[in-house]
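What follows is one structure encoded as structure tokens, with my remarks underneath.
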Protein chains: 2
Amino acid sequence: MEAALGSKHLNQTEKALIGLRSMIMAGRFKTGQRLPEIAVSEQLGISRTPLRQAMDRLVAEGLLDRISTGGCRVARFTKEDIADAIQIRGVIEGTAARMAAERGADPDLLAHAKSILSQIDTALSESGGIDFDAYVSANRAFHDIIAHLSGSALMIRELERMAQLPLASPSAFLSDQELIPDFQESLKHAQRQHRTILEAIENREGSRAEALAREHARLALMNFNYLTEQKPALAKNVPGLALLTEK
Amino acid sequence: MEAALGSKHLNQTEKALIGLRSMIMAGRFKTGQRLPEIAVSEQLGISRTPLRQAMDRLVAEGLLDRISTGGCRVARFTKEDIADAIQIRGVIEGTAARMAAERGADPDLLAHAKSILSQIDTALSESGGIDFDAYVSANRAFHDIIAHLSGSALMIRELERMAQLPLASPSAFLSDQELIPDFQESLKHAQRQHRTILEAIENREGSRAEALAREHARLALMNFNYLTEQKPALAKNVPGLALLTEK
DNA sequence: GCTTTCAAAATTGTATACAATTATTTTTAT
DNA sequence: ATAAAAATAATTGTATACAATTTTGAAAGC
């Protein structure tokens, strides 16, 4: 029997995937330049075969681009690309919310969603200030469960994919409290939105659930715009922003 | 210099991809059973390495599922899965239309879109009846250009991906004129929708463009439902329907 | 001095051999 | 005869060697 959480026996391909992704996110490769397989494989201590497999997956994810003449390079993301990614994720998540409302969500999942809301409440009202890590992880769980409430396997997969895209994740800008103005208020606002979204789903109000989920994504978009326009220096703290390039 | 259209020098991986996809679509593998790499590679006349690469890509596309104990199997799609795929594609395409309208589409692309509409008109009004192949190809081009009108590279990629999913493509049910009732009228109805979508984009009516594109996808959904519920026998003619399984 | 041409070096794409796992069959015990 | 255990066969995962391209650099020509 396998361990339920983490600690699975990773094979070489999975190791390569994790290692490569973190190298890319950290900006270890010059963007626009082909990334050399032999050098990387030696650096990761694996052979080229599983490395290339991992590269293929990252191409599918959109983190790497295939070069016509052979090999891959790190993808370049403009501010517009990232804004689009956030918006598209919001639209798809809105559709998940609408599906959940129209079709009627599974009661067990709904109960679970409510308990996640409580977890977020707790994280926000710790005596010594906000429990930041707890918030991020519960926030992620909430967005994940919205996908599952839709009852659509395809929807779950698509939202998982979208969350992988750099900076499109619902928690992408929550990595550093200093980054965003009125930070605590922003988190509480987001949590109020979470609650209304879930209420709309529970009340079977499809269109409303969809609109609210989209509105929720606009918060992430606003944070992103603020970050890149007002605090470009601090923005470097956000993992994945190393991939951001000028138009 | 490379040939602009088709006939590129395919490498082994691309050959494997094409071959495997058609084998899968044709239902050559028992669903739910692991597909054997050596046998398939011999059948395609390529070695295992590029075949495995192709398999990885098909996993990313969703046509194959990875098996925990090793290897892949052909994915199973229920009617609900396919209905969801059509709906989600409609939502994303709607977002593309809205983006195009709100941001203002490129004039050259708009002109091209109009010429595609004319092509569809021509295909529909051939003296000897509808020019079916011309319609399908122009229809595909129209949906492709909607993605490009959005001006978002990510959007273009996502819609390309969605179109690959079995039966989510806008032309998926146009493979056989016998399948759908009032076939000619259905095509003309779709073409009227194409025109209104483009008009909304041109007039910068974002919400309207989005709603119209969604409505357009509902036509595909209705055709699918009609097909599976009323004419299950004829449905076998539709490529990809071999993957359809019971709940 | 700059471009073009050709050769050398480096890198990717493919095949294959081997190791690690998983599936199947045979054997053995109850 | 059935079930458990062990051995065997088959299959996937990984490494590596080789072939085909592409890139780089040097020499030659203008």
Side-chain angles (χ1 to χ4, degrees), chain A residues 1-4 6-21 23-24 28-76, chain B residues 1-4 7-21 23-24 28-75:
Chain A
M1 179 176 161
E2 273 294 345
S7 85
K8 273 198 312 184
H9 223 290
L10 305 165
N11 58 20
Q12 300 298 85
T13 303
E14 282 158 346
K15 272 195 237 171
L17 231 169
I18 295 171
L20 230 191
R21 194 184 278 137
M23 285 170 88
I24 292 171
R28 295 269 293 277
F29 303 104
K30 291 139 199 153
T31 63
Q33 205 165 330
R34 175 162 71 183
L35 66 84
E37 296 178 2
I38 45 311
V40 175
S41 76
E42 281 169 8
Q43 226 163 327
L44 291 172
I46 56 170
S47 81
R48 277 180 59 219
T49 306
L51 171 63
R52 296 185 102 237
Q53 220 176 332
M55 285 167 62
D56 279 343
R57 296 203 198 168
L58 291 182
V59 167
E61 268 183 27
L63 220 62
L64 295 177
D65 281 335
R66 230 174 275 285
I67 300 176
S68 62
T69 116
C72 300
R73 85 184 110 198
V74 175
R76 306 162 73 107
Chain B
M1 178 176 164
E2 272 295 345
S7 83
K8 274 197 314 186
H9 221 288
L10 304 165
N11 57 21
Q12 300 297 84
T13 303
E14 283 158 344
K15 271 195 237 171
L17 231 168
I18 295 171
L20 230 191
R21 194 184 278 138
M23 282 170 88
I24 293 171
R28 296 269 294 276
F29 302 104
K30 291 139 199 151
T31 63
Q33 204 165 330
R34 176 162 72 182
L35 66 83
E37 297 178 2
I38 46 312
V40 175
S41 75
E42 280 169 8
Q43 225 163 329
L44 292 172
I46 56 172
S47 82
R48 275 180 60 219
T49 305
L51 171 64
R52 296 185 102 236
Q53 220 176 333
M55 283 167 63
D56 279 342
R57 297 203 197 167
L58 292 182
V59 168
E61 270 183 27
L63 220 61
L64 295 178
D65 281 336
R66 230 175 274 287
I67 300 176
S68 63
T69 124
C72 299
R73 85 184 110 197
V74 175

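Convention: sequence-line order gives letters A, B, ...; per-chain numbering from 1.
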[X]: partners by side chain to side chain donor-acceptor pair (under 3.5 Å), with sequence neighbours left out:
| X | answer |
| --- | --- |
| B:Gln43 | none |
| A:Thr13 | A:Gln53 |
| B:Ser41 | none |

Checklist entry - Taking atom P of C:dT12 as reference, at what distance in whole Å does atom CZ of A:Arg73 sit? => result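 One finds 13 Å between P of C:dT12 and CZ of A:Arg73, rounded.
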Checklist entry - Of A:Ser68 and B:Gly70, whose nearest nucleotide on DNA chain D comes first from the 5' end? => result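 Result of the comparison: B:Gly70.
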Checklist entry - Mapping A:Arg34 and B:Gly71 onto DNA chain D by nearest heavy atom, which one lands closer to the 5' end? => result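 The answer here is B:Gly71.
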Checklist entry - For residues 35-44 of chain A, which residues have at least one heavy atom under 4.0 Å from DNA chain C? => result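 Contacting residues: A:Leu35, A:Pro36, A:Glu37, A:Ile38.
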Item to check | Sub-4.5 Å side-chain heavy-atom contact between A:Leu58 and A:Met55 | outcome: no
Next on the checklist: I'd like to check A:Met23 versus A:Leu44 (side-chain heavy atoms, cut-off strictly below 4.5 Å). Are they in contact?
Outcome noted: yes
Checklist outcome for this item: salt bridge (Lys or Arg N to Asp or Glu O under 4.0 Å) pairs touching residues 41-50 of chain B, sequence neighbours excluded, are B:Glu37-B:Arg48
What side-chain donor-acceptor pairs closer than 3.5 Å can you find for residues 62-72 of chain B, not counting sequence neighbours?
unit_1, atom_1, unit_2, atom_2, d
B:Arg66, NH1, B:Asp56, OD1, 3.3

Checklist entry - For B:Arg57, which residues count as a salt bridge (charged side-chain N to carboxylate O under 4.0 Å, His left out) partner, sequence neighbours excluded? => result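 B:Arg57 satisfies salt bridge (charged side-chain N to carboxylate O under 4.0 Å, His left out) with no other residue.
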Nucleotide N/O to protein N/O under 3.5 Å, stretch nucleotides 15-20 of chain D:
unit_1, atom_1, unit_2, atom_2, d
D:dA15, OP1, A:Gln12, NE2, 3.3
D:dA15, OP2, A:Ser47, N, 3.1
D:dA15, OP2, A:Ser47, OG, 2.7
D:dA15, O5', A:Ser47, OG, 3.4
D:dA15, N7, A:Thr49, OG1, 2.8
D:dT16, O4, A:Thr49, OG1, 3.2

Checklist entry - Would you say C:dT21 has OP1 or OP2 under 4.0 Å from some side-chain N or O of B:Thr69? => result no
